[in-house]
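Beneath this line is the structure, given in structure tokens, with notes to follow.
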Amino acid sequence: EGGLYERLGAESGIEAIASRMLDNLAADSRVNAYFPNSTVVRDKLEDCLAKQIAALAGAPGAEHPGPGDPPDSSGCRNITEAHRGMGVSARDMTDFMEIAASALQASGVSAADADLLISAMGDMRGDVVEDESNNATLYQRVGRKPVIKEVVADLLILMLDDATLA
């Protein structure tokens, strides 16, 4: 049966899991506002996530920069530096964990192995979350992208129904 790394499918399985996680993150309006900017390169992000998962899963020789470490040769930064200044909230982290768990399940990872990996990811919460109270920014206080989308849609309907704006 092997260790967690082998049970996740070794390198190719972990790469597929990382890809599915990013697909799910990009599709989820609760957290996808963190990704659509010019500094996010999908291939690099996927590579760094796969390296992080491999390290957490105990892959032989796998290394991912730890707290205080400089970026590795691929440019992957330690988890704290990668998220510094993003204002990630406790709610965002919880949503990420749900999305990651769903991606693991959809990838055929057993519930026990998914729990191991999700627990290891959860241990990094203090390195990622900057907004424990979920209210450091207006974006967080109004309810993030899902609520903003609703408000914009409602406003658009009101504007289209207002004859004085025609």
Side-chain angles (χ1 to χ4, degrees), residues 1-132 134 136-137 139-140 144-146:
E1 186 167 288
L4 181 57
Y5 173 73
E6 289 81 15
R7 293 192 306 272
L8 292 176
E11 185 176 352
S12 63
I14 288 174
E15 287 171 354
I17 289 167
S19 180
R20 181 169 297 208
M21 279 186 189
L22 288 182
D23 288 345
N24 291 5
L25 289 165
D28 196 303
S29 65
R30 296 175 297 172
V31 296
N32 66 7
Y34 287 105
F35 301 100
N37 65 64
S38 62
T39 64
V40 175
V41 177
R42 165 72 189 233
D43 291 343
K44 180 180 172 189
L45 183 59
E46 190 171 315
D47 179 55
C48 293
L49 179 59
K51 285 180 178 185
Q52 181 75 58
I53 293 169
L56 292 172
E63 292 185 16
H64 192 275
D69 290 343
D72 67 13
S73 60
S74 301
C76 298
R77 296 177 290 161
N78 69 66
I79 200 80
T80 303
E81 288 304 313
H83 294 88
R84 184 180 309 282
M86 293 177 67
V88 174
S89 72
R91 183 182 305 129
D92 295 328
M93 185 69 175
T94 298
D95 292 341
F96 168 80
M97 302 298 276
E98 289 173 10
I99 295 162
S102 175
L104 290 166
Q105 180 182 21
S107 297
V109 174
S110 74
D113 287 342
D115 287 347
L116 285 172
L117 188 57
I118 293 298
S119 177
M121 289 176 160
D123 289 344
M124 295 182 292
R125 175 189 179 91
D127 298 323
V128 174
V129 174
E130 295 177 325
D131 178 14
E132 280 293 342
N134 302 309
T137 65
Y139 178 75
Q140 292 293 339
R144 304 179 302 162
K145 189 174 178 180

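These numbers come from a predicted model, not from an experiment. What you see below is based on every heavy atom in this structure, not just the backbone, and it leaves out hydrogens, waters and symmetry mates.
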With side chains defined as the heavy atoms from C-beta onward, is the minimum distance between [X] and [Y] less than 4.5 Å?
X	Y	answer
S89	D92	yes
S19	R42	yes
K51	S74	yes
M21	I53	yes
E11	Y5	yes
L117	L104	yes

Under the 3.5 angstrom rule, does the side chain of [X] hit a backbone N or O of [Y] as a donor-acceptor pair?
X	Y	answer
T94	A90	yes
E15	A50	no
R7	D113	no

Item to check | side-chain contact (heavy atoms from CB on, under 4.5 Å) evaluation trace for M121 with M97 | outcome: CA-CA 8 Å; M121 289 176 160; M97 302 298 276; 3.9 Å; yes
Just verifying a value: how many Å separate [X] [atom1] and [Y] [atom2], rounded to the nearest 0.5 Å?
X	Y	atom1	atom2	result
L25	L49	CG	CG	8.0 Å
L4	L116	CG	CG	6.0 Å
E46	D23	CD	CG	7.5 Å
H83	D127	NE2	CG	10.0 Å
I79	D69	CD1	CG	12.5 Å

Tell me the closest heavy-atom pair linking [X] and [Y], and the distance in Å.
X	Y	value
G9	S12	O-OG, 3.6 Å
L56	A120	CD2-CB, 4.0 Å
C76	D47	SG-OD2, 4.2 Å
P70	P65	O-CB, 3.6 Å
F96	V31	N-CG1, 4.5 Å
I14	A57	CD1-CB, 4.4 Å

Next on the checklist: Could you check whether S29 and N32, counting side-chain N and O atoms only, form a donor-acceptor pair closer than 3.5 Å?
Outcome noted: no
Item to check | side-chain contact (heavy atoms from CB on, under 4.5 Å) assessment of M93 paired with E132 | outcome: CA-CA 10 Å; M93 185 69 175; E132 280 293 342; over 6 Å; no
Item to check | Residues E98, D95; criterion side-chain contact (heavy atoms from CB on, under 4.5 Å); working and verdict | outcome: CA-CA 5 Å; E98 289 173 10; D95 292 341; 4.1 Å; yes
Checklist entry - Taking it one step at a time, do R77 and R84 satisfy side-chain contact (heavy atoms from CB on, under 4.5 Å)? => result CA-CA 11 Å; R77 296 177 290 161; R84 184 180 309 282; over 6 Å; no
Checklist entry - So with a 6.0 Å cut-off around CD of E63, is the heavy-atom count from everything else above 12? => result no
